[in-house]
Amino acid sequence: MTTVEAPARPRPRPVSTTPPTGPRVRQRQRPETFTVVSYAGVIAFAIVCIVPFWMVVAGSFTAESSLSQTGYSLWPDPFSLDAYTTIFAGSRVWLSYGATIFITVVGTVIAVIATSGIAWVIARGLPLVSRPLAVFAYIPMLFTGGLVPMYILITQVLQLRDSWFAVILPMAIAPFLVFVQVSFFRATPQEILDAARIDGAGELRIFFQVVLPLSKPVIAVIALFYAVAFWNEWFHALLFISEPAKYPLQLVLQNLITSVANAADLGTVSAAPVYQMRLAMTVITIGPILLAYPFAQRYFVKGLTLGATKG
Amino acid sequence: MSADLDAATNSLADPRTARSGNRQKRRGRDYGLVLLAAPAVILLVVFAYGPMAGLIVAFQDFNVADGVFGSPWAGFENFEFFFTSGGAGRILWNTLFLNILFLAATLGSGVLLAIMLNEIRGRVTKRFFQSVIFVPYFVSPIVVSIFLQAFLAGPSGRGGLVNDLTDVFGLPSISWYTEPGPWPWILTVVKVWQMGGYMSVIFLAAITAIPEEVYEAGVIDGASRAQMALRITVPLLKPTAAILLVLGVGRIFYGDFGTIYAIVGDNGTLFSTTDVIDTYVFRALRTIGDFGTTAAIGLFQSVIGFVLVVAATLVQRRYAKETSLL
C-alpha cells in the first residue's frame, strides 16, 4: 500500500536495519547542505499549509471581543463557544448540511456510474466505438460552451432553477477522471475476462460481476475526487440556487463573506458574534473533509499518480 | 497495490496488442456493452455539447422571450461591443498576466517541493509531509478567502496577522483590500499555497519513475546531491512539466473564477488588477443581463483556448512524442 514515495534511492551509504558491526565501523556521514535545506524548506511549507487551518479553528473558539481587535487568534483566549451555540441553535446550518450532503452523495453516485460505464467501453477497445467515444469525452476538456449557454440551458430549457440537480448534473462527468479510470481498466487481465466468457457470462455480466469488483481501488479514487468537488462546489449553486433554504454550506459561507449582516440570519440571537461565526462556519464546512482526509489521502495521491503517468 | 496498478498500466500502454484473436465472432454480443456508456454520453451531450451549440447566442440579440432559436441575429455586433467597450484590453491583460504568473509559480513550486520531498529519508516521514502539503488543495476558494481575510484584514479591514507582523518591524500597516497594486502577487501566493502540494505529488511520481541506475552513475562520478537534483532530476522532469504546461496554456484565457471571485468578490477597488474575463462575464450577466455580449466573450475564450492547446500540443509533440496527450 504505497503512495508515491521515491524509493529514496541515491544514497551515498547503504542503510542497513542493523547497526554496522565488526572492525569496520562506518564514519557517520554529515548530511549534505542540500539535504538540510530541503528538510527546512519542506517543514516551512508544511507549516504554512497548516497555520491558516489552525488560526481559523482557534479563532472560532475565541470570544468575539478579542477577535474584533485582531481578526485572528493563535490561541483561543478568552475561550468561547458562542459562535457554535448560536449557529447550531438555528435551523439554517442543518438545512445547508442537508443540501451539501444530498449534492455530494447523489452527485457522486451518478458521477461514478456514468464515469465507470463510459470508461469501460473506451477501455474495451471495440472497433468503431471506443476510439470515437474517447475523442467525444476528450473534446470537452479543450472546448467549452461557457457560462451563458449553460445558464440558458439550466434556467430556460431544463427549468432546474432552485434544484440541487442544477449543481449536480453539469459536474457529473469529469473527462480527466474518465481517463484515469480508462487507464486502470486497461490493466484488467485478459485471462480473467476470457475465463468469464468461457463460463458463458455476457458482456454486461462480466462488467458488473467481474470488472467492477476488481476495480474497487480505482472506484474509490474517482469517487473521492468527485465527492470533494461536489462538497466544495459553489459556483453553480451561486448561479442557480436563490432560495436560501436550499443553500449548500459553501454558499452560506460565501454569503457570510459578502455581507456580515447575513450572519445574523444563521442564529436566533440578535447580538450574534458575527466574525466568530464566520470562522466557526468555516470549521463546520471543512470539518468533514479534514476528518476524512487522513484515511482518504492515499487514494488521492494514487489517482493523481495514475493520471499523471498516463497523461 | 499501487505498485501493481502502475506496472499494469505501463505494460498495457497499447491495449489493442493484448486482445485475443477470435473477437470477430463475438462482435454482435460485444456491442450490447455500449449501453454502459449511455449515462455518460447523455450527460456530455446535454451539459458539454449542448452549451457549445448554445454559443450561437453570441451572434444573436438574445432575449429570453424568443429563446435561443427565435432571437434576432446580430452578426458580430456583440464582439464589437466587447472589444470597443474600453474595458476589454485591461481584462484580457489581467487574465493573461495572472494566468502566466499562476502557471509559472505553481509549476515552479511543484518541482521545487518534489525535489525537496525526495531528499527526505524514511517513507513515513515523507508520506506525512506529502499529506500535509496536499491538504490545501481540498478546501474551496470560499474557505481560502476566509483564511486570507484572517491574514490581511480581520473584521475592521486594517487588522490581520500580516499587519500585526509589519507592526513588529515598524512598517506601516496596509489596508490590503483597498490597495489594488499587490493583488496579483497576493493571488499568486494563494495559488502556490493551494496548488503547490498537488503539483508536487505529480512531480514526485515522475521522480519515482526515474531509473535508479542514473543516480548510481551520478554517485560513482562523485556528484553531490544538489548536483544530482539539478543535473539529473530537473532535466528528467521536463516531459511532465511540458504536459502540465500544455494543459495550462490551453486554459490561459480562462480566468480563475473560483479563486478570484471568492476572494475579490464585488470589491470594485481591486478590479484594476484582478478583474479577469470570467469575473467580468459573470458580473455582466448578473447585473446587466447581457446574454449576447457575454456569450461572445465566452466563444472568443473557447476558440482561443482551443487554438492554443492544439498549438501547444503540436509543439510539445515535436519535442517529446511519447509523452504527449491522446
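Worth knowing before you read on, the calculation uses all heavy atoms, side chains too, and leaves out hydrogens, waters and symmetry mates. Order of the sequence lines sets the chain letters (A, B, ...), proteins ahead of strands, with each chain counted from 1.
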**Study point:** B:F203 versus B:A114, closest heavy-atom pair with distance
**Key:** CB-CB, 3.5 Å
Review point. Side chain, backbone, both or neither: which part of A:Y293 has a non-hydrogen atom closer than 4.5 Å to chain B?
Key: side chain
Practice item. Below 4.5 Å from any heavy atom of chain B, which atoms of A:F207 appear? Answer side chain, backbone, both or neither. Key: side chain
Practice item. Against chain A, work out which of B:W193, B:F306, B:Y198 has the most heavy-atom pairs shorter than 4.5 Å and name it. Key: B:W193
Point to revise | chain B contact via A:Y151 - side chain, backbone, both or neither, heavy atoms under 4.5 Å | key: side chain
Revision key, fill the gap. Closest non-hydrogen contact found for B:V143 with A:Q250 is CG2-OE1, 4.3 Å
Exercise for review: Give the ring-plane orientation class for A:F235 versus B:F257, where under 30° counts as parallel, over 60° as perpendicular and anything between as tilted.
Suggested key: tilted
Practice item. Might you point out which heavy atoms bring A:Q254 and A:L238 nearest each other, and give the distance in Å? Key: OE1-CD1, 3.5 Å
Revision key, fill the gap. Chain A shares the most heavy-atom pairs under 4.5 Å, among B:L244, B:I56, B:V135, with B:V135
Revision key, fill the gap. When every non-hydrogen atom of A:L153 is compared with those of B:V46, the smallest separation belongs to CD2-O, 3.3 Å
Practice item. Go through the atoms of A:I206 and report whether side chain, backbone, both or neither lie under 4.5 Å from a heavy atom of chain B. Key: neither
Check your understanding: Should A:W231 and A:P248 count as side-chain neighbours, where that means a heavy-atom distance under 4.5 Å?
Key -> no
Point to revise | Verdict with reasoning, B:F138 to A:F300, per ring-ring contact (aromatic ring centres under 6.0 Å, His included) | key: CA-CA 10 Å; B:F138 296 98; A:F300 289 108; 4.4 Å; yes
Review point. Side chain, backbone, both or neither: which part of A:I122 has a heavy atom under 4.5 Å from chain B?
Key: neither
Check your understanding: Taking A:I139, A:V51, A:I110, A:V178 one by one, which has the highest count of heavy-atom pairs under 4.5 Å against chain B?
Key -> A:I139
Check your understanding: Is the number of heavy atoms from other residues, nucleotides or ligands within 6.0 Å of OH (B:Y49) greater than 12?
Key -> yes
Review point. Which bit of A:L169 comes within less than 4.5 Å of chain B, counting heavy atoms only: side chain, backbone, both or neither?
Key: both
Point to revise | Portion of B:V144 that has a non-hydrogen atom of chain A nearer than 4.5 angstrom | key: neither
Practice item. With a 4.5 Å cut-off on heavy-atom pairs, point out which of B:G292, B:G54, B:A40 contacts chain A the most. Key: B:A40
Point to revise | Choice from B:V57, B:L299, B:V41 maximising heavy atom contacts with chain A below 4.5 Å | key: B:V41
Check your understanding: Which one, A:L239, A:L158, A:I113, A:T35, leads in non-hydrogen pairs under 4.5 Å with chain B?
Key -> A:T35
Practice item. Sort A:A119 into side chain, backbone, both or neither according to what part of it lies under 4.5 angstrom from a heavy atom of chain B. Key: neither
**Study point:** Side chain / backbone / both / neither for A:V157 at chain B, heavy atoms under 4.5 Å
**Key:** neither
Revision key, fill the gap. Cut-off 4.5 Å, heavy atoms of chain A, and the answer for B:I133 is both
**Study point:** Which portion of A:M150 sits near chain B, non-hydrogen atoms under 4.5 angstrom
**Key:** both
Point to revise | chain A contact via B:V139 - which portion, at a heavy-atom distance below 4.5 Å | key: both
Practice item. Answer yes or no: does atom CZ of B:R286 have more than 12 heavy-atom neighbours from other residues, nucleotides or ligands under 6.0 Å? Key: yes
Check your understanding: Nearest heavy-atom pair of B:I263 and B:S145: which atoms, and what distance?
Key -> CA-OG, 3.7 Å
Review point. Do you know which of B:T125, B:I115, B:V132 has the most heavy-atom pairs with chain A at a distance under 4.5 angstrom?
Key: B:V132
Review point. Once you round to the nearest 0.5 Å, how far does CD of B:Q301 lie from CZ of A:F143?
Key: 10.5 Å
Study note, to complete from the structure: One option among B:G298, B:P136, B:G305 has the most heavy-atom pairs under 4.5 Å with chain A, and it is B:P136
Point to revise | Closest approach of A:S116 to A:F185 (non-hydrogen atoms, all atoms of both residues) | key: O-CE1, 3.5 Å
Point to revise | Residue selection (most heavy-atom pairs with chain B, distance under 4.5 Å) from A:I173, A:T115, A:T144, A:L204 | key: A:T144
Review point. Out of A:F53, A:F136, A:W120, which one racks up the most heavy-atom pairs below 4.5 Å with chain B?
Key: A:F136
Show every donor-acceptor pair shorter than 3.5 Å between a side-chain atom in residues 38-49 of chain A and any protein atom, with sequence neighbours excluded, or say none if there are none.
from: A:S38; atom 1: OG; to: A:F34; atom 2: O; distance (Å): 2.9
from: A:Y39; atom 1: OH; to: B:R121; atom 2: N; distance (Å): 2.9

Check your understanding: With chain B, which of A:L74, A:L147, A:I154 has the greatest number of heavy-atom pairs at distances under 4.5 Å?
Key -> A:L147
Point to revise | Verdict with reasoning, A:V129 to A:V121, per side chain to side chain contact (heavy atoms under 4.5 Å, CB included) | key: CA-CA 8 Å; A:V129 172; A:V121 180; 3.9 Å; yes
